[in-house]
Number of protein chains: 2
Amino acid sequence: MDFFEQVGKKALGSRLRRLSESITEEAGEIYRLYDIGLQPKWFPVFYVLSQSQEKAITTIAEEIGHSHPSVSKLVTEMSRNGLVIEKKDRSDGRRNVISLSKKGREVAVKIEPLYIDVNNAIEQALAQTRNDLWKAIDEWEFLLKQKSLLRRVEEQNKQREAQYVTIIDYTPKYRKLFKQLNEEWITKYFKMEEADHKALDHPQKNIIDKGGYIFIALYKDEPLGVCALMKMNDPYYDFELAKMAVSPKAQGKNIGWLLGQAAINRAKTLGAKNIYLESNTILKPAINLYHKLGFKKVAGHPTPYERSNIQMELILQL
Amino acid sequence: MDFFEQVGKKALGSRLRRLSESITEEAGEIYRLYDIGLQPKWFPVFYVLSQSQEKAITTIAEEIGHSHPSVSKLVTEMSRNGLVIEKKDRSDGRRNVISLSKKGREVAVKIEPLYIDVNNAIEQALAQTRNDLWKAIDEWEFLLKQKSLLRRVEEQNKQREAQYVTIIDYTPKYRKLFKQLNEEWITKYFKMEEADHKALDHPQKNIIDKGGYIFIALYKDEPLGVCALMKMNDPYYDFELAKMAVSPKAQGKNIGWLLGQAAINRAKTLGAKNIYLESNTILKPAINLYHKLGFKKVAGHPTPYERSNIQMELILQL
DNA sequence: ATTATTTATGTAACTGGTTACGTAAATATA
DNA sequence: TATATTTACGTAACCAGTTACATAAATAAT
C-alpha cells in the first residue's frame with residue numbers, strides 16, 4: 001500500500017514535497033525538450049530579470065523568496081554562462097546590480113513558447129480535477145498566514161488534554177499538595193512570606209472558613225494543579241484569585257486556564273462583581289494567563305506581599 | 001506583488017515546494033513542542049518500523065520512497081540515538097534488519113497524541129477550504145501517472161506549432177526543395193537509387209502526371225517538409241506514400257504527421273481504398289509516425305528499392 | 001562446481017538549497 | 001566629525017536528500 005495513504009494527513013508536508021519534486025524533475029526535461037540553455041534552478045532569477053531592467057542581489061532574493069547567498073551563487077553561475085551581466089552600482093558601492101545580457105534576452109524570447117505550453121498544460125490538467133490544486137495552495141497559504149500549523153496543533157493539543165482534566169473542590173486530603181505545589185514555585189523565584197504560611201498551612205481555617213474556595217485540578221485522576229479564590233473584606237472586590245500553582249510536569253496542558261475558569265465561574269455563580277489578584281511581572285506565563293482570563297492591570301492597592309509588583313482585576317458586572 | 005502570482009501556473013512546482021517547506025519547517029517545531037526525541041527527517045523510517053516488527057534497509061526505502069543510501073544514513077543516526085536496533089539477517093548475510101529498540105517503542109507510544117493532534121489540525125484546516133488540498137494532490141498524482149507533465153507539454157507544443165504549419169500542393173518552384181530534402185536523409189542513411197533519381201529529378205513527369213500528388217509543408221511560410229502520394233498500378237493499392245522528408249531544423253514540430261494526414265485525406269477524397277508504403281526499420285521515428293498515422297505492417301511485396309526492409313499499408317475502406 | 005548476474009548495503013561525492021559569519025559601504029547617532 | 005548601526009553581499013560550512021560506485025552475499029546459468 002502507498003505509504004502516504006497509510007500515514008494519513010499528518011504527512012501532508014512530505015506528500016507535497018513528493019509531488020513538487022516529481023513536477024520539478026519533469027521541468028528539467030521540459031527545458032531540455034525546448035533546447036533552451038537554461039537550468040531549471042536558474043528560472044526564478046531569470047524570470048524576475050526578464051521582467052525588469054536590472055536588480056540587485058538582495059532585491060531578487062526577496063522577490064523570489066530565496067536566501068541572498070542562493071541568489072548570489074545562481075547569479076555567478078548564470079554570469080559564467082553569459083546569461084547575465086553583473087555590475088557595481090555607481091551610487092552604492094555595496095550593490096551588485098544584475099541584468100540580462102544580450103544572450104539572456106535572446107533566451108527570454110526563445111523561452112516564451114515554453115511558458116505558453118507549460119501554462120496551458122497545467123491549466124488543462126487543473127481543469128480535469130475536481131479540487132483545484134492551485135486554488136487549494138492559495139487557500140492553505142492564507143490559512144497558515146492567519147494561524148500557523150503549530151498553533152493549530154497546539155489548540156488541538158489543549159482541547160484533547162482538557163478532556164483529561166477535572167476541576168474539583170478542595171477536601172482536607174489535598175492540604176499537603178496545596179502547600180507543596182505553591183511552595184515549589186514561590187521558593188523558586190521568591191521566598192515564603194508570612195501570608196503564605198498562613199494560607200498554605202491552614203487553608204481550611206484561613207481560606208475556606210472565611211468564605212473562600214480552593215480548586216484542585218486532576219489530570220487523569222492525579223492532582224497536579226491548585227488555585228484559591230479568597231474572600232476579600234473590600235467594598236469593591238469580592239474575591240482574590242490567589243495561590244495558583246501547577247506542577248511543572250503538567251505545564252502546557254492548559255491546567256492554569258481551567259483552574260482560573262473554574263474560579264471565575266464560581267465567583268459568577270455567587271453573584272460576585274469583581275475579582276482581584278496580585279502577581280509579579282517576572283512570572284510571564286502567569287501574567288499572560290491572567291490576561292487571557294480577562295484580567296486587566298490596576299494600580300495602587302495595598303498588599304501584604306513583598307513579591308507583588310502588579311495588581312489586576314476582573315470586572316464581572318458593571 | 002507575490003512572485004508566484006506574477007509567474008503564474010508554470011511555477012506550480014516551486015510553489016508546491018514553498019508550501020511543503022513551510023509545513024515541514026513547522027513540523028520541526030511541533031516535534032519540539034511535544035518533546036519527543038525524534039528528528040522530523042527520521043519520521044518516515046520511524047513510522048514504518050513502528051507499524052511492523054522489523055524491516056531491511058531497501059524494503060524501508062521502497063516503502064517510504066527514499067533512496068536506500070538515505071535510509072542507510074537515517075538508520076545509522078537513529079541507531080546512534082538508541083531508537084532502533086540493527087542486526088544482520090541470519091539467513092541472508094547481506095541484509096541489515098532494523099527494528100525499533102525499547103526506547104523506540106516508548107517513543108512510538110509517546111508520539112501517538114502528536115499524530116492525533118496533527119491529523120486533527122490538518123483535517124480541520126482542510127475542512128475550511130473550498131478546494132481540498134489532500135484530494136487535489138490525489139488527483140494530480142493520478143493525472144501525472146496517466147500522462148506525464150512532459151507529455152502534456154509536448155502535446156501543447158505540437159498543437160501550437162501546428163498553427164504555423166500549412167500544407168500546400170506542389171508547384172514547380174518547389175522542385176529543387178523536393179529533391180534536396182529527400183537527398184539529405186537518403187544519403188545520410190543509404191545511397192541514392194535509380195528510382196530516387198527518377199522521382200526526385202522529374203517529379204512533374206514521374207509523379208504528378210501519373211496521377212500522383214506532392215505536398216509541401218510551410219512552417220511560418222518557409223517550406224520545410226515534403227511528401228508524395230504516388231499512383232500505383234496495383235489492383236489493391238491505389239497510392240504509395242513516399243518521399244517523405246522534413247528539414248532537420250523543423251523536426252519535432254509534428255510536420256511529418258501533418259504531411260501524412262494531408263496525403264491520407266487526399267487519398268480518401270479521391271475514394272482510394274488502400275495506401276502502401278516502404279521504409280527501413282532503422283528509421284525509427286518514421287516507422288513510429290507511420291504507425292501513428294494508422295499504417296500496419298504487411299509482408300511480401302516486390303520493391304524496386306534496395307533500402308526497403310519493411311512494407312506497410314493503410315486500409316481506408318473495407 | 002564454476003562463473004556470471006543480481007541484490008543488499010555502505011561510502012563518497014554531488015546538489016540545491018540553507019544558516020553563520022565576515023567585510024565593506026552607507027546611514028544614523030552622538 | 002567620529003562612532004555605532006544597518007545593509008549588501010560574498011564565502012564557508014552545513015543539511016537532507018540524491019546519484020555513482022564498490023563490495024559482498026545470494027542466486028542463476030553454464
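Everything quoted here is computed from the prediction, not taken from an experiment. Letters A, B, ... mirror the listed sequences (proteins, then strands); counts begin at 1.
Ion pair E139(B)/R130(A) not flagged as a salt bridge, since none of the NZ, NE, NH1 or NH2 atoms sits closer than 4.0 Å to an Asp/Glu carboxylate oxygen.
Between the side chains of E155(A) and Q124(B), not a single donor N or O lies within less than 3.5 Å of an accepting N or O.
Between D117(A) and the choices K158(B), R160(B), K9(B), the salt bridge (Lys or Arg N to Asp or Glu O under 4.0 Å) rule is met once, by R160(B).
In this structure, K145(B) has no side chain to side chain contact (heavy atoms under 4.5 Å, CB included) partners at least two apart in sequence or on a different chain. In this view, F142(B) and Q146(B) satisfy the side chain to side chain contact (heavy atoms under 4.5 Å, CB included) rule, not counting sequence neighbours. In this structure D92(B) satisfies the side chain to side chain donor-acceptor pair (under 3.5 Å) test together with R94(B), sequence neighbours excluded.
Within residues 36-59 of chain B, the residues that place at least one heavy atom under 4.0 Å from DNA chain C are, in residue-number order, A56(B), I57(B), T58(B).
Taking 3.5 Å as the limit, the base of dT18(D) and the side chain of K73(B) contain a donor-acceptor pair of atoms between them.
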### Query
How does each nucleotide of nucleotides 21-29 of chain D score, in 5' to 3' order, for protein heavy atoms under 4.0 Å: base (B), sugar-phosphate only (S), or none (-)?
----BS---

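You'll find the side chain of L144(B) reaches within 4.5 Å of the side chain of L19(A), heavy atoms only. Looking at heavy atoms from C-beta onward, V118(B) lies out of side-chain contact with Y31(B) at the 4.5 angstrom threshold. Looking at heavy atoms from C-beta onward, L133(B) lies out of side-chain contact with N131(A) at the 4.5 angstrom threshold.
Chain B approaches DNA chain C within less than 4.0 angstrom (heavy atoms of the protein), and the contacting nucleotides run 5' to 3' from dT7(C) to dG17(C).
Between the CG atom in N119(B) and the CG atom in L114(B) there is a gap of 9.5 Å [rounded to 0.5 Å].
Comparing R95(A) and E21(A), the nucleotide of DNA chain D nearest to each residue sits closer to the 5' end for R95(A).
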